[in-house]
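Working notes, structure below.
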2 protein chains.
Amino acid sequence: MKLINREVDYAARALVFMARANKPTVPVAQMQETVGAAGPFLRKIMQKLHRAGVLQAVKGKGGGFALARAPENIRLSDLISALQGPLRLNDCVVRRKLCRDHEACALRRRMEGIEARLLAEIATVTVKDLI
Amino acid sequence: MKLINREVDYAARALVFMARANKPTVPVAQMQETVGAAGPFLRKIMQKLHRAGVLQAVKGKGGGFALARAPENIRLSDLISALQGPLRLNDCVVRRKLCRDHEACALRRRMEGIEARLLAEIATVTVKDLI
DNA sequence: ATTGAATGATACTTTTTAGGTATCATTCAA
DNA sequence: TTGAATGATACCTAAAAAGTATCATTCAAT
Ligand code: FES
Ligand code: FES
């Protein structure tokens, strides 16, 4: 029902802010107002993105976060997988209860194709597109 | 994160069951076991589909539900809109906080296209495909 | 008419997930 | 040594999804 949650939304804004900032690192305190998220929450998001390799982090005074690669190489799908985990269009595909003939099921095949195309489209959107 | 919720999942199974049953009407009591949902919950789902015009309903002894049109004319998108309401891929599109230049925003345009194509694909899947 | 099998409507509860806070540890430049 | 920054993690709250319960209404069969 909602493909992009608020964490991804905040992340997108923060990354755009960082891309525009043109500084080696940006501390969370400097972006939270523009992004519109509370500091600790935004920090948690940034930490997830750091762990996922999307961001670099510098601790200590004068530190902050920085994009780990160029904006055109950070895809919306990267954010989604770091912050929401994999998409599952249909529960039934995942935990196949009541689902005989899993391989032969036309719905499943159909949904798989739809899911793959959706992911491919989402992977074409990059942070650069949002600047 | 999850595009199809459990109500839609149950509904799909129930409609397939009804399509196969080849009877004028099918009461909920006869499908609940195959569908795997508790009676009252499934009834609520069927009632929503009735209100949405997807099903016919016959009250009283010997009654039950029936498909309102042929299986190939009942689309997955019909079930989703009846049971989940409209899809919104991105919150920000809906309640545009912090979003200056709404019209000019590249992400929004990109997401709109993606959303439209996804919906179009979902509209190509019918109950007939699931039988 | 009465009964019982069915849906109609709606209020309520429980479970799960999303969203958010709080706290303390660690690092590092000044 | 201090204070500005992230790292890790536990905790809490709010919202949504999932499920239950109840009573009203309809209708065929008797
Ligand atoms: S209904 Fe589950 S794979 Fe088809
Ligand atoms: S960020 Fe909301 S429309 Fe672009």
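In what follows, every chain begins at residue 1, and chains take the letters A, B, ... in the order their sequences are listed. Note that the structure is a prediction, hence the values are computed from the model and not measured.
- In summary, K48(A) and E7(A) engage in a salt bridge, as defined by a charged side-chain N under 4.0 Å from a carboxylate O.
- Taking only side-chain atoms of P40(B), from C-beta outward, the nucleotide of dT20(D), dT6(D), dG19(C) with the closest atom is dT20(D).
- If you measure from atom NZ of K44(B) to atom C1' of dT10(C), you get 9 Å, rounded to the nearest angstrom.
- Whole-Å rounding puts the H50(A) NE2 to dT6(D) C1' distance at 9 Å.
- Regarding contacts with the backbone of dA18(D), every side-chain N or O of Y10(B) stays at 4.0 angstrom or more from both OP1 and OP2.
- One can place CG of L55(A) at 9 Å from P of dG7(D), the figure rounded to the nearest angstrom.
- The distance from atom CG of D78(B) to atom OG1 of T126(B), rounded to the nearest 0.5 Å, is 10.0 Å.
- For F41(A) and dC12(D), the CZ to P distance is 18 Å, given to the nearest whole Å.
- Side chain of K59(B), nearest nucleotide from dT6(D), dT25(D), dT21(C): dT25(D).
- Hydrophobic cluster membership is shared by I4(A) and L119(A), with clusters built from Ile, Leu, Val, Met, Phe, Trp and Tyr side chains linked at under 4.5 angstrom.
- Applying the Watson-Crick and G-U wobble criteria (two distances, each under 3.5 Å), dA29(C) pairs with dT2(D).
- The stretch residues 60-68 of chain A touches DNA chain C through G60(A), K61(A), each having a heavy atom within less than 4.0 Å of the strand.
- Atom CG of D9(B) is separated from atom P of dA17(D) by 15 Å (rounded to the nearest Å).
- In the interface, the side chain of R43(A) is paired with the base of dG7(D) through a donor and an acceptor atom under 3.5 Å apart.
- E72(A) is not listed as a side-chain neighbour of V127(A), based on a closest heavy-atom distance of 4.5 Å or more.
- Ion pair R110(B)/E121(A) not flagged as a salt bridge, since none of the NZ, NE, NH1 or NH2 atoms sits closer than 4.0 Å to an Asp/Glu carboxylate oxygen.
- Atom CE in M46(B) sits about 16 Å away from atom P in dG19(D), given to the nearest Å.
- Separating the CD1 atom in I114(A) from the OG1 atom in T124(B) is a distance of 5.5 Å, to the nearest 0.5 Å.
- One atom, CG of L42(A), and another, C1' of dG20(C), lie 12 Å apart when rounded to the nearest Å.
- Across the strands present, dA18(D) finds its partner in dT13(C); the criterion is a Watson-Crick or G-U wobble pair with both atom distances under 3.5 angstrom.
- In a base pair of the Watson-Crick type (N1 to N3 plus N6-O4 or O6-N4) or a G-U wobble (N1-O2 and O6-N3), with each distance short of 3.5 Å, dG19(C) is matched with dC12(D).
- Taken to the nearest 0.5 Å, the CD atom of Q56(A) stands 13.0 Å off from the CG atom of L49(A).
- With both pairing distances under 3.5 Å, dT2(C) is matched to dA29(D) as a Watson-Crick or G-U wobble pair.
- Here the P atom of nucleotide dT21(C) and the CD atom of Q32(A) are 11 Å apart, to the nearest Å.
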